[in-house]
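The next block holds one structure in the form of structure tokens; read it before the comments.
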Amino acid sequence: MNKLITIFIIFFYLLPSMTIAKTEENIWDIYYSDSQIVISTTKIPCEYNYKFNQELIIIKIQNITSNDLLVEWDNKLWYDESCVNCEKDNIEFKNKIKIESGNEIIGNCSENNNLRIFSKFTENIEDMPGVTKITELTKFKFENIKIENE
């Protein structure tokens, strides 16, 4: 009986910490949705040993069809309220991703690909030699979204 009470007390005290850990997961905001795909985004901190720590916008694309799809889109990015590529048609901001039927693909901190957008450096400015101002992403848009069966 004492073991059962001890287990109950331990579980009772651990329950709030388990709940806190669960709420710290990424919250995804749906950016675009149709009958073929769902595009969601979330903001995450990324810590590195070999470069300055950053905050990134991570992109998740879900293929909700039974077909392989090719998804294309253009990024429009505003840093400190100023669009850095609104007047340009640069291949650097064009994206193309193949996603298999029923699957999802998610960006991350370690792979430099079309599934992430630099938001800002998170280091203290005094810890970044040569940097005089930390520029921050203030807005982004995905334009010209095209979906084709593969």
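All figures in this text were calculated on a predicted structure; none of them were measured in a lab.
Transitive grouping of hydrophobic side chains (ILVMFWY, heavy atoms separated by less than 4.5 Å) keeps W73 and L70 in distinct clusters.
Separating the CG atom in L115 from the CG atom in L56 is a distance of 11.5 Å, to the nearest 0.5 Å. Atom NZ of residue K141 and atom CH2 of residue W78 lie 4.5 Å apart, to the nearest 0.5 angstrom. Distance check: K43 NZ to I58 CD1 gives 12.0 Å after rounding to the nearest 0.5 Å. Summarising the geometry, atom CD1 belonging to I57 is positioned 12.0 Å from atom CZ belonging to R116; distances are rounded to the nearest 0.5 Å. Atoms OG1 and CD1, from T132 and I125 in turn, are 6.0 Å apart once rounded to the nearest 0.5 Å. Taken to the nearest 0.5 Å, the CD atom of E150 stands 12.0 Å off from the CD1 atom of I99.
Residues forming a salt bridge (charged side-chain N to carboxylate O under 4.0 Å, His left out) with D68 (at least two apart in sequence, or on another chain): none. By the ring pair (Phe, Tyr, Trp, His ring centres under 6.0 Å) test, Y48 pairs with Y50, sequence neighbours left out. The salt bridge (charged side-chain N to carboxylate O under 4.0 Å, His left out) check on K94 picks up D74, D89, with sequence neighbours excluded.
In terms of heavy-atom proximity, V38 sits nearest to S33 at CG2-OG, 3.8 Å. Considering every non-hydrogen atom in both C109 and I44, the closest pair reads SG-CD1, 3.6 Å. When every heavy atom of T138 is checked against every heavy atom of E81, the shortest pair comes out as OG1-N, 2.9 Å. Minimum interatomic distance between K98 and I105 (heavy atoms only, all atoms of both residues): O-CD1, 4.4 Å. The two residues S66 and S101 come nearest to each other via the heavy atoms C-CB, 3.3 Å.
Defined by atom type and a distance below 3.5 Å, a donor-acceptor pair is missing between the side-chain atoms of T65 and N67. In the model, D29 has no side-chain atom that pairs as donor or acceptor with a side-chain atom of Y31 under 3.5 Å. Using a 3.5 Å distance cut-off with no hydrogens or angles, the side chains of E123 and N53 do pair a donor with an acceptor.
A heavy-atom distance below 4.5 Å is not found between the side chains of P45 and T122. Looking at heavy atoms from C-beta onward, K76 lies in side-chain contact with N85 at the 4.5 angstrom threshold. Using a 4.5 Å cut-off on side-chain heavy atoms (C-beta onward), E136 and D80 make contact. In this structure, T41 and F142 have side chains that are in contact, with non-hydrogen atoms separated by less than 4.5 Å. By the 4.5 Å heavy-atom criterion applied to side chains, Y32 and I37 are counted as neighbours. Two residues are said to be in side-chain contact when any heavy atoms from C-beta on lie closer than 4.5 Å; N149 and Q36 meet this criterion. Using a 4.5 Å cut-off on side-chain heavy atoms (C-beta onward), I61 and L69 make no contact. Considering only heavy atoms from C-beta on, I106 comes within 4.5 Å of W28 through its side chain.
By the 6.0 Å contact criterion, NZ on K51 is enclosed, its count of non-hydrogen atoms from other residues, nucleotides or ligands being greater than 12. A 6.0 Å sphere centred on CD1 of I30 holds no more than 12 heavy atoms belonging to other residues, nucleotides or ligands. The environment of CD in E143 is crowded: more than 12 heavy-atom neighbours from other residues, nucleotides or ligands sit within 6.0 Å. In this structure, E100 places its CD atom where only 12 or fewer heavy-atom neighbours from other residues, nucleotides or ligands lie under 6.0 Å away.
Between the side chain of N114 and the main chain of N95, no donor-acceptor pair closer than 3.5 Å is present. Judged by distance alone, with hydrogens and angles left aside, the side-chain atoms of N124 form no donor-acceptor pair with the main-chain N or O of E126 at under 3.5 Å.
In this structure, F121 and F52 have perpendicular ring planes: the angle between them is above 60°, well past the 30° mark.
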